[in-house]
Q: 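What follows is a single structure, and I will ask about it in a moment.
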Amino acid sequence: DTEVTQTPKHLVMGMTNKKSLKCEQHMGHRAMYWYKQKAKKPPELMFVYSYEKLSINESVPSRFSPECPNSSLLNLHLHALQPEDSALYLCASSQGRVSYEQYFGPGTRLTVT
Amino acid sequence: GQSLEQPSEVTAVEGAIVQINCTYQTSGFYGLSWYQQHDGGAPTFLSYNGLDGLEETGRFSSFLSRSDSYGYLLLQELQMKDSASYFCAVKDRDDKIIFGKGTRLHILP
């Protein structure tokens, strides 16, 4: 199984809502990532988890809160988002933090109204 | 800091060969990767060069010259399905992958 799954595929939320994005992989990878991607732009790294511990936070606003309940799951909790947070949110995993090959999920298309 | 430069768009004809160049400036270098992303899809890993030279994977090849801080992705026997965005990416000393701005490849029949 070389797949990273993400739910939901699409999400529309108001600025006062609380929602969560979910990511799952069963490849035994020990590093997991959240990226944000705007249209016609490259993915921008948000968070890195290594062995279920947060190892990198790229100065992401606190309205984004990551969580890694176990080695297969990664969540991104959203609260009080702004319209400019509308983007494609991609989850990825790799064997370890030093691995150069990342496997990406299909992403969640988020619209903040 | 890190910066990667690649052309924003390239157009080629079906069946032809196209080369997408990437130059980089990094504080420490830990390899150059290439990813493909179709519209509405997720990035997919294509290749990695850690050392100088050419790596070949089917119709795709990737080259690296560390002394020139330069690499390229070569796509042969172009097919319409190769129409996508291609990102070069480097790993920094914190093991973060930094993506270039991407090259949109248009294929004409």
Side-chain angles (χ1 to χ4, degrees), chain A residues 2-7 9-10 21 23-25 27 29-51 53-60 74 87-111, chain B residues 1-10 20 22 24 26 28-51 55 57 60 62 64 66 71 73 83-106:
Chain A
T2 58
E3 192 180 13
V4 177
T5 59
Q6 289 187 245
T7 56
K9 289 186 178 179
H10 301 275
L21 309 185
C23 173
E24 191 166 3
Q25 57 87 15
M27 294 178 277
H29 288 174
R30 305 316 301 261
M32 297 185 77
Y33 312 79
W34 280 114
Y35 288 87
K36 173 183 177 180
Q37 187 176 29
K38 291 277 205 178
K40 300 189 191 303
K41 299 288 187 184
E44 292 178 34
L45 184 65
M46 300 174 72
F47 302 104
V48 180
Y49 273 83
S50 179
Y51 288 86
K53 287 185 170 29
L54 182 64
S55 60
I56 295 176
N57 176 343
E58 288 289 88
S59 303
V60 179
L74 187 66
L88 181 67
Y89 288 84
L90 293 161
C91 173
S93 70
S94 63
Q95 285 193 338
R97 259 188 62 178
V98 297
S99 301
Y100 52 81
E101 180 176 358
Q102 293 189 356
Y103 292 77
F104 283 82
T108 294
R109 177 75 59 188
L110 173 68
T111 303
Chain B
Q2 272 72 235
S3 71
L4 297 100
E5 295 293 329
Q6 52 182 130
S8 58
E9 291 190 75
V10 171
I20 299 174
C22 175
Y24 59 85
T26 59
F29 178 73
Y30 303 91
L32 184 71
S33 300
W34 289 91
Y35 285 80
Q36 177 193 61
Q37 186 176 27
H38 288 98
D39 284 346
T44 303
F45 172 80
L46 290 178
S47 69
Y48 169 79
N49 294 75
L51 300 173
E55 294 285 337
T57 309
F60 294 1
S62 58
L64 176 66
R66 287 175 295 171
L73 179 69
S83 295
S85 291
Y86 293 84
F87 296 93
C88 58
V90 296
K91 239 177 185 297
D92 71 6
R93 62 185 60 193
D94 294 321
D95 295 326
K96 294 182 295 185
I97 290 186
I98 312 297
F99 289 87
K101 292 183 178 177
T103 298
R104 193 164 182 86
L105 175 61
H106 303 279

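Numbered from 1 within each chain, the chains take letters A, B, ... in sequence-line order.
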Q: Could you report the tightest heavy-atom contact between A:Leu88 and B:Gly41, atom names first, then the distance?
A: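 In terms of heavy atoms, the two residues are closest at CD2-O, 4.5 Å.
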Q: What are the atom names and distances for all donor-acceptor pairs below 3.5 Å between chain B and chain A?
A:
from: B:Tyr35; atom 1: OH; to: A:Tyr100; atom 2: O; distance (Å): 3.3
from: B:Tyr35; atom 1: OH; to: A:Gln102; atom 2: N; distance (Å): 3.0
from: B:Gln37; atom 1: OE1; to: A:Gln37; atom 2: NE2; distance (Å): 2.8
from: B:Gln37; atom 1: NE2; to: A:Gln37; atom 2: OE1; distance (Å): 2.8
from: B:Lys91; atom 1: NZ; to: A:Arg97; atom 2: O; distance (Å): 2.6
from: B:Lys91; atom 1: NZ; to: A:Ser99; atom 2: O; distance (Å): 3.4
from: B:Asp94; atom 1: O; to: A:Arg97; atom 2: NH2; distance (Å): 2.5
from: B:Lys96; atom 1: NZ; to: A:Glu58; atom 2: OE1; distance (Å): 3.0
from: B:Lys96; atom 1: NZ; to: A:Glu58; atom 2: OE2; distance (Å): 3.2

Q: Compare every heavy atom of A:Phe104 with every heavy atom of B:Ala42, then report the nearest pair and how far apart it is.
A: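 In this case the closest contact between B:Ala42 and A:Phe104 is CB-CB, 3.9 Å.
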Q: Would you mind checking which part of A:Pro106 comes under 4.5 Å of any heavy atom in chain B, side chain (CB onward), backbone (N, CA, C, O), both or neither?
A: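 Just the backbone, heavy atoms under 4.5 Å.
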